[in-house]
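Along the sequence shown, residues carry numbers from 1.
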Amino acid sequence: MTDVTFDAAATRLRRSPLHERHIAAGAKFAPFGGWEMPLEYAGGGVLKEHTAVRTAVGVFDVSHLGKARVSGPGAADFVNSCLSNDLGRIGPGRAQYTLCCDDATGGVVDDIIAYLYADDHVFLIPNAANTAEVVRRLRAAAPAQVTVTDEHEGYAVLAVQGPRSGELLAALDLPTEHGYMSFSAASLAGVEASLAGVELTVCRTGYTGELGYELVVPAEHAVTVWDALFAAGEAFELRACGLAARDTLRTEMGYPLHGQDLSTEITPVQARSGWAVGWDKPAFWGRDALLAEKAAGPRRTLRGLVAVDRAIPRPGMTLHLGDRQVGEVTSGTFSPTRKQGIALALLDTDANLSEGDEVEIDIRGRRARLTVTKPPFVTPSVK
């Protein structure tokens with residue numbers, strides 16, 4: 001991600017309800033998924049923001065993420081018949097990573113977090129740029145009794161991430177003891193989740209590899225919650241973090257980014273995301289195509305790479321074994337934790353590359369060596 005100069009009004013970018021708070025904090029903005037979002041903040045920059053999340057606690061405004069609600073009799077069964085993962089594996093109060101695949105090709109339309117409230121209520125958080133398409137596909141397939149509502153601008157999402165995130169939220173009397181990929185919400189019987197009088201949902205989810213929480217807040221109350229976090233946050237070394245640090249953090253974990261590591265041209269089988277597919281389910285979008293690809297074996301697979309030479313891999317750079325091109329970088333960055341270049345890349349299966357093997361990257365005509373490595377590139381602390 002890079003900082004760019006643009007006219008938000010001319011391009012009709014949406015803005016977070018926290019936009020004025022970001023301006024006050026000296027944010028540099030960039031367009032992302034149709035939104036004008038903070039890239040990094042004054043007084044720190046990407047490296048300090050990244051380090052804050054790895055060592056203390058950072059907060060990201062990720063309100064650009066989509067929000068959609070599926071409700072009505074049989075809503076959970078309907079979602080389960082469309083999206084890849086098996087909602088039958090979890091119960092109310094749990095969240096699940098899942099994929100919306102194209103029925104014909106198996107390519108990934110989007111990756112989504114599904115929050116199961118009840119058999120008749122599922123809340124979805126897709127990616128910003130893909131929300132409308134996910135909602136369109138679900139609406140087109142929904143039976144008469146199931147309603148699919150686009151609530152993209154109705155909620156803000158604040159990601160509170162880092163080893164001290166639980167301490168900070170506990171100091172604000174928010175629930176923190178629920179397990180990974182579960183959530184506490186005022187609408188779940190017997191569970192209270194509110195801050196400064198604002199009812200919200202506290203999810204044990206995140207995109208950084210650290211212990212963390214995501215707060216889903218009604219948009220009109222986002223400023224109240226943001227201010228409450230920072231009023232209590234100084235004691236915990238809280239730092240506002242932008243999308244540039246979010247990108248370096250997720251890449252260190254090997255987490256895929258839709259549009260780069262996942263896309264309509266990249267299937268879950270190729271992306272090694274088969275763990276997010278309910279292979280034994282009788283129906284989900286893309287099932288036949290994915291079962292066929294799994295049985296035949298994919299022509300390319302997503303692998304991790306670590307730079308041996310001084311090099312920073314970037315998306316689109318080609319990878320080589322001698323004179324043969326064997327793949328392309330999908331995500332690449334400098335790892336602040338490892339102090340070296342890291343990447344995710346699609347590599348040709350018939351190149352027969354194993355962990356520890358070396359490939360070369362082409363950087364404007366110069367070759368540099370990288371080692372094939374299994375992600376994550378850092379030790380995860382999500383649990």
Got a sec: does the CD of Glu220 have more than 12 other heavy atoms crowding it under 6.0 Å? yes
CD on Glu214 to CG on Leu65, rounded to 0.5 Å: 7.0 Å
Is there a side chain to side chain contact (heavy atoms under 4.5 Å, CB included) between Val135 and Leu138? Walk through the geometry before answering. CA-CA 5 Å; Val135 168; Leu138 289 170; 5.8 Å; no
Answer yes or no: are there more than 12 heavy-atom neighbours, outside Lys48 itself, under 6.0 Å from its atom NZ? no
Quick one about Asp61 and Ser16 (side-chain donor to acceptor, distance below 3.5 Å, no hydrogens or angles considered), yes or no? yes
Taking only residues two or more places apart in sequence, or in another chain, which ones meet His221 in a side chain to side chain contact (heavy atoms under 4.5 Å, CB included)? Val198, Val217, Pro218
What I'd like to find out is whether the side chain of Thr149 reaches to under 4.5 Å of the side chain of Val70, using heavy atoms alone. no
Quick check: is Val202 connected to Leu211 through a chain of hydrophobic side chains (ILVMFWY, heavy atoms under 4.5 Å apart)? yes
Residues Glu36, Arg15; criterion salt bridge (charged side-chain N to carboxylate O under 4.0 Å, His left out); working and verdict: CA-CA 5 Å; Glu36 182 183 5; Arg15 286 178 170 176; 2.6 Å; yes
With a sphere of 6.0 Å drawn around CZ of Arg89, does it hold more than 12 non-hydrogen atoms of other residues, nucleotides or ligands? yes
What I'd like to find out is whether the side chain of Glu49 reaches to under 4.5 Å of the side chain of Glu40, using heavy atoms alone. yes
Quick one, Arg246 and Val53 - any side-chain contact, counting heavy atoms below 4.5 Å? no
Thr330 side chain to Gln260 side chain, donor-acceptor N/O pair below 3.5 angstrom: no
Should Arg250 and Asp261 count as an ion pair when the cut-off is N to O under 4.0 Å? yes
Check the pair Asn85, Tyr97 against side-chain hydrogen bond (donor to acceptor under 3.5 Å, both in side chains), reporting the backbone distance first and the verdict last. CA-CA 7 Å; Asn85 215 333; Tyr97 179 82; over 6 Å; no
Residues which pass side chain to side chain donor-acceptor pair (under 3.5 Å) with Arg369, listed by chain and number, not counting sequence neighbours: Asp309
Please report the C-alpha distance between His320 and Thr318 in whole Å, then the side-chain angles of each, then the deciding distance to 0.1 Å, and finally whether the side-chain hydrogen bond (donor to acceptor under 3.5 Å, both in side chains) criterion is met. CA-CA 7 Å; His320 303 263; Thr318 56; 2.8 Å; yes
With the side chain counted from C-beta on, respond yes when Phe284 and Cys101 share a heavy-atom pair under 4.5 Å apart, and no when they do not. no
Just jot down the side chain to side chain donor-acceptor pair (under 3.5 Å) partners of Glu252, sequence neighbours excluded, or say none. His50, Arg54, Ser335, Thr337
Would a single hydrophobic cluster contain both Leu124 and Tyr115, if residues Ile, Leu, Val, Met, Phe, Trp and Tyr are joined by side-chain heavy-atom contacts under 4.5 Å? no
Co-membership, hydrophobic cluster, residues Met181 and Val79, 4.5 Å side-chain: no
Side chains of Ser165 and Glu210: do they bring a donor and an acceptor to under 3.5 Å? no
Determine whether Val378 and Leu370 fall in the same hydrophobic cluster, where Ile, Leu, Val, Met, Phe, Trp and Tyr are linked whenever their side-chain heavy atoms lie under 4.5 Å apart. no
Under the rule for side chain to side chain donor-acceptor pair (under 3.5 Å), what residues qualify as partners of Arg324, not counting sequence neighbours? Asp350
Could you tell me which residues satisfy ring-ring contact (aromatic ring centres under 6.0 Å, His included) with Tyr117, sequence neighbours excluded, listed by chain and number? His121, Phe183
Output yes when Arg367 and Glu360 qualify as a salt bridge under the 4.0 Å nitrogen-oxygen rule, no when they do not. yes
Taking the side chain as C-beta and beyond, is there a heavy-atom pair between Leu195 and Thr224 under 4.5 Å? no
Side chain to side chain, Asp247 and Tyr207, heavy atoms closer than 4.5 Å: no
Relative to Tyr213, does Arg204 satisfy both conditions: NZ or CZ under 6.0 angstrom from the six-membered ring centre, and within 45 degrees of the ring's axis? yes
Which donor-acceptor pairs under 3.5 Å do the side chains of residues 227-245 make with protein atoms, sequence neighbours left out?
{"from": "Asp227", "atom 1": "OD1", "to": "Arg21", "atom 2": "NE", "distance (Å)": "2.8"}
{"from": "Asp227", "atom 1": "OD2", "to": "Arg21", "atom 2": "NH2", "distance (Å)": "2.7"}
{"from": "Arg239", "atom 1": "NH1", "to": "Gly43", "atom 2": "O", "distance (Å)": "3.4"}

Does the ring center of Trp35 lie less than 6.0 Å from the ring center of His19? no
